[in-house]
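One structure below.
When reading the values below, keep in mind they use all heavy atoms of this one structure, side chains included, and skip hydrogens, waters and symmetry mates.
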Amino acid sequence: MCGIFSGQTSHFNYHDFYLALQKINHRGPDSNQLISFDNNFFGHTRLSINDIEGGQQPIFNEDKSIVAIVNGEFYNFEEIRDKLIKEGHNFSTQSDSEILIHLYEKYSIECLNYLHGEFAFSLYDKNKKRWFCARDRMGIRPLLYYYSNNNLIFSSELKSILALPFIDKKLDLDSVWFSQHLQYLPKDKTLIKGINMLEPGSYLIFENNNLKIQSYWNLKNIKQQVFDFDEAKEKSKELIFEAMKKRIPKEVKWTSHLSGGIDSSIVTAIGAKEHYLTDAFTVQFTDQPLYDESMFAKETANFLGINLHVIPVSFNDILDNLPNAVYHGEGLSINGHLSAKYILNKEIKKNGFKVAFSGEGSDEIFMGYSHLKKDYLSFNSLTNFEQQYLTGFQISDGNTLDLDLIKNSLGFIPSWLEAKSSMAFKFQSLWTSNFKGNINPYEAILKDLVGYSSPLKSSSGSWAEYCLSGYILKVLDDAQSAAHGLEGRLPFLDTDLVEFAFSLPDSVYFHNNIEKGLLREGFKNYLPELIINKTKQSFMSPPMNNYLNTTKFQNLLNEFIFDNKKLSSLEIFDKNKVFDLTKNIQDKNNFEPIIMTILCLGIFTKKFI
C-alpha cells in the first residue's frame with residue numbers, strides 16, 4: 001500500500017506539490033519522495049513491505065530514461081525478475097515494483113499481460129515522451145486522474161489533487177445523480193467534477209497531447225468452461241491455496257479480518273494451518289445482536305487455535321468515526337459499516353500489523369450473495385433471515401423507478417439493480433425541483449449488463465464492476481486500510497482464481513440449490529460445521545433508526561445537513577423534506593440508507609468542496 005502522485009504541469013512548485021503529497025502520507029508513512037524534471041513530477045509515499053531497506057520509489061531503468069511509481073504488489077515478481085536478469089536487465093532493488101520498468105522495456109504496453117496482483121502504477125518514458133498508467137484487473141488499487149489545460153495529474157486519492165491551487169473544487173452533480181439511482185458512482189468518475197477514475201483492468205496512454213484509455217481485461221471476456229461439481233471444487237480449492245501462498249509477506253507482521261462468514265474463515269484457516277498465522281481481528285457490534293457475528297468468529301478462532309482480537313463497536317463509535325471514514329473513503333455509504341471498517345483497521349495497525357488479509361471478492365466469483373441466489377433460483381430460496389436482513393439494501397422492498405429499459409433489453413432485471421432502484425424511488429421524494437442530471441443512469445449502465453454468458457453472470461459481473469470495484473474495494477477496503485498505513489490483501493481476487501471461478505457453469509455454483517457449495521464442500525474439514533453451514537450475512541452495522549433522536553446523531557445531522565450551506569447551495573435535496581423524514585423515520589421502513597447517504601454527502605461537501 002503506497003500513495004501515487006505524479007503527472008505533468010507547467011504549474012509545478014516544489015512547496016505546493018510537496019504539501020499536496022503530504023495529503024496522502026497516511027497511505028505510505030514509512031518514507032516519501034518528490035522529484036521533478038521537464039515539467040513532469042513523481043511523488044510517492046511508501047508503506048515498506050518488500051525490500052524494506054532498499055525499495056524506495058520512484059524507480060528507474062538502467063539509463064534513467066524510464067521512471068515509475070507503483071502502489072500495491074506484483075505477486076509473480078521473483079520468477080519474472082530471475083528471467084529478466086538472465087536476459088541482461090540490471091536491477092537496483094529487491095522490490096517487486098522494479099519488474100514493471102524492465103517488463104515495459106521488453107514488452108512496452110503488453111507488459112500488462114505479465115503483471116498480476118493488486119496494483120496501480122504511473123510510468124513515464126522520456127524517449128517517447130509517453131505517460132503510461134494502469135490499474136489491476138479487478139480494481140483493488142485505485143488510480144485517479146485530472147486532465148485540463150495541459151495539466152495531467154495522477155493520484156491514489158482525491159486529496160492530493162484537490163490540494164493543488166489551480167484545481168477547481170466542484171461537486172460532480174452528474175455523479176451524484178447517477179449514484180442516487182444506483183447507489184454507486186459511474187465507473188470512470190469521482191464526486192469531484194473533472195477528476196476521473198481509471199476503470200479496473202484499464203490503462204491510460206498520454207503522448208503527443210493525446211490521451212487514450214483502453215481496457216486490457218474484463219470479466220465478460222472470460223471463456224466459459226465445462227466442469228462437474230467435484231472437478232470445480234478441487235480446482236477452486238487448489239487455486240485458493242495458491243492465491244494465499246503467493247500473498248504471504250516475508251518481512252512484516254500480517255493478520256486477517258475474520259467476520260464469521262465462510263470466506264474470511266477460509267482465508268484465516270489456510271493462514272493458520274499453512275502459514276503460521278497467529279492472530280485475527282473481528283468487529284463486535286454491541287447494540288443489536290442480529291448484526292453481531294463475533295460469536296461465529298470466536299468459534300473459528302477456537303477451532304484453529306489462534307488469538308482473536310474482538311473490537312467492540314457501538315453506535316456512538318460509528319457516529320464518532322463517520323466523518324473521518326467518509327474523508328478517507330471519498331465516497332458515499334448507506335450504512336455504518338464504513339465507520340466499523342475504519343475502527344477495525346485502526347486497531348489492527350495499533351497492534352503492529354502492516355498487512356491484513358480478507359475474504360472480499362469471493363461472493364462475486366462464487367455467486368455467494370443472496371441477491372444472486374434470488375436471481376438464479378427464486379425469492380423463495382431466501383431464508384427468512386436473508387429477507388429480513390437484506391430487504392431495502394440488496395433486495396427490493398417494493399416500488400422502484402422505471403426499469404423497463406433494462407427489462408426489455410435483458411429480459412430480466414438483476415435483483416441488485418432493482419434494490420438500488422427502490423432506494424432511488426425513496427430519494428426522488430426528497431429532491432428539489434432543480435436537481436436533475438444530464439444522463440439516464442439506467443441507459444448508461446446497460447452496456448455493462450449485456451455481453452455475459454448468462455443472466456447470473458450479468459448480475460454478478462455488473463455488481464462486481466460497480467459495487468465491488470467502486471465501493472467495497474475503493475471506499476471500504478483500500479481507503480479504510482490506507483487511512484492507517486495498512487495494506488489489505490485479497491486472495492479471492494487472484495487473477496487465476498477469478499478467471500477459473502467465473503468460467504464455471506451456473507449450476508455448479510448452486511449445487512443442490514445451496515450457494516457456495518464449492519467452498520462449503522471443499523473446506524468442510526478446515527472449519528467448524530457451524531461456519532460451513534452458516535447463511536451468508538453481509539457485513540453491516542445495526543440500522544440507525546432507533547438512534548436517530550439521540551443528541552449525538554442530531555448534532556451530526558445539523559452540522560453536515562441542516563446547517564451545511566455548501567450542501568444547501570447545490571439544491572440537491574429539499575432540506576424541509578429531509579428534516580421531516582428524520583423526525584418520522586420510525587414510521588418508514590428501510591429509510592436508513594437514504595439518511596446515511598445524505599449524511600455522507602454532507603460530510604463530503606464539508607471536507608472537500
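The two residues G359 and D263 have their closest heavy-atom pair at O-CB, 3.8 Å. Heavy atoms only, all atoms of each residue included: D496 and L239 are closest at O-CD1, 3.9 Å. Minimum heavy-atom separation, A301 to L308: CB-CB, 3.7 Å. Nearest heavy atom pair, residue L601 against residue F573, reads CD2-CE1, 3.8 Å. Residues P414 and D375 approach most closely at CA-OD2, 3.9 Å, considering heavy atoms.
Residues forming a side-chain hydrogen bond (donor to acceptor under 3.5 Å, both in side chains) with D292 (at least two apart in sequence, or on another chain): S294. Take W416 and apply the side-chain hydrogen bond (donor to acceptor under 3.5 Å, both in side chains) test, not counting sequence neighbours, and it matches S462. Under the side-chain hydrogen bond (donor to acceptor under 3.5 Å, both in side chains) criterion, E118 pairs with Y75, R247, sequence neighbours left out.
A donor-acceptor pair is defined here as one N or O able to donate and one able to accept, closer than 3.5 Å; such a pair exists between the side chain of R135 and the backbone of R141. Remark: side-chain polar atoms of S396 are paired, donor with acceptor, to backbone N or O of G398 under 3.5 angstrom. A donor-acceptor pair under 3.5 Å links the side-chain atoms of S265 to the main chain of G261, judged by distance alone. Listed for the S458 side chain is no donor-acceptor partner under 3.5 Å among the backbone atoms of S454. Side chain of D363 to backbone of M367: no donor-acceptor contact under 3.5 angstrom is found. Within the 3.5 Å criterion, the main-chain N or O of A325 finds a donor-acceptor partner in the side chain of Q480. No side-chain donor-acceptor contact under 3.5 Å links S421 to the backbone of E418. One N or O on the side chain of R520 and one on the backbone of E515 form a donor-acceptor pair closer than 3.5 Å.
Contact annotation: the side chain of K536 never approaches that of K373 to less than 4.5 Å [non-hydrogen atoms, C-beta and beyond]. The shortest distance between side-chain heavy atoms of I595 and L557 falls below 4.5 Å. Using a 4.5 Å heavy-atom cutoff, the side chains of L430 and I598 are in contact. Proximity of K524 to E529: side-chain heavy atoms (C-beta onward) are nowhere separated by under 4.5 Å. Here the side chains of T190 and D172 are not in contact, with every heavy-atom distance at 4.5 Å or above. Residues T282 and V310 are in side-chain contact: their nearest non-hydrogen atoms beyond the backbone lie under 4.5 Å apart. Residues F412 and K407 are not in side-chain contact: their nearest non-hydrogen atoms beyond the backbone lie 4.5 Å or more apart. Under the 4.5 Å side-chain criterion, counting only non-hydrogen atoms from C-beta, Q288 is in contact with P543.
A salt bridge does not link K189 with D174: every distance from a Lys NZ or Arg NE/NH1/NH2 to an Asp or Glu carboxylate oxygen is 4.0 Å or more. We find that K245 and E242 are not joined by a salt bridge, their nearest charged nitrogen and carboxylate oxygen being 4.0 Å or further apart.
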Stepwise, does the side-chain contact (heavy atoms from CB on, under 4.5 Å) test hold for L338 with V475? CA-CA 8 Å; L338 184 67; V475 180; 3.6 Å; yes
Is there a side-chain contact (heavy atoms from CB on, under 4.5 Å) between F227 and F500 once you walk through the steps? CA-CA 10 Å; F227 284 89; F500 175 75; 3.6 Å; yes
Could you go through the ring-ring contact (aromatic ring centres under 6.0 Å, His included) check for H484 and Y342 one step at a time? CA-CA 8 Å; H484 307 291; Y342 179 86; 4.5 Å; yes
Dump the intermediate steps for side-chain contact (heavy atoms from CB on, under 4.5 Å) on E592 and N335, then the final yes or no. CA-CA 7 Å; E592 185 215 5; N335 182 256; 3.5 Å; yes
Walk me through it: do K552 and D320 pass the test side-chain contact (heavy atoms from CB on, under 4.5 Å)? CA-CA 8 Å; K552 188 181 291 286; D320 287 340; 2.9 Å; yes
Begin from the C-alpha positions of R489 and E487 and carry the test salt bridge (charged side-chain N to carboxylate O under 4.0 Å, His left out) through to its verdict. CA-CA 7 Å; R489 295 195 175 180; E487 177 169 286; 2.7 Å; yes
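Within a 6.0 Å radius of NZ in K220, more than 12 heavy atoms belonging to other residues, nucleotides or ligands are found. By the 6.0 Å contact criterion, NZ on K447 is enclosed, its count of non-hydrogen atoms from other residues, nucleotides or ligands being greater than 12.
The aromatic rings of W431 and F435 sit perpendicular, their planes meeting at an angle over 60°, well past the 30° parallel limit. Classified by interplanar angle (parallel below 30°, tilted 30° to 60°, perpendicular above 60°), the ring pair Y547/F315 is parallel. In this pair, F492 and F366 present their aromatic rings perpendicular. The plane angle is above 60°, beyond the 30 to 60° band.
Annotation: cation-pi pair K516/Y509 absent, no NZ/CZ under 6.0 Å from the ring centroid and within 45° of its normal. Remark: K457 qualifies as a cation-pi partner of F502 under the 6.0 Å distance and 45° angle criteria applied to the six-membered ring.
For an aromatic pair to be called close, the ring centres must be under 6.0 Å apart, and F241 with Y526 satisfies this. Annotation: F604 is not in aromatic contact with F560 [ring centroid separation under 6.0 Å not met]. Aromatic ring centroids of F357 and W254 lie under 6.0 Å apart. Separation of the Y291 and F285 ring centroids does not fall under the 6.0 Å cut-off. The aromatic ring centres of H257 and F281 sit 6.0 Å or more apart.
Donor-acceptor pairing under 3.5 Å is recorded for the side chains of S259 and S264. In summary, the side chains of S503 and Q225 do present a donor paired with an acceptor at a separation below 3.5 Å, with no hydrogens or angles considered. With 3.5 Å as the limit, one finds no donor-acceptor pair spanning the side chains of S314 and T286.
Between the CG atom in D477 and the OG atom in S358 there is a gap of 5.0 Å [rounded to 0.5 Å]. Atom CD1 of I343 sits about 10.0 Å away from atom CG of L322, to the nearest 0.5 Å.
Screening residues 306-319 for salt bridge (Lys or Arg N to Asp or Glu O under 4.0 Å), with sequence neighbours left out, gives no hits. Sorted by first and then second residue, the salt bridge (Lys or Arg N to Asp or Glu O under 4.0 Å) pairs involving residues 294-311 (not counting sequence neighbours) form an empty list.
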Distance-only donor-acceptor pairs under 3.5 Å for side chains of residues 466-474, two or more places apart:
unit_1, atom_1, unit_2, atom_2, d
Y466, OH, D448, OD2, 2.5
Y471, OH, S333, OG, 2.7
Y471, OH, H337, NE2, 2.7
K474, NZ, G329, O, 3.3

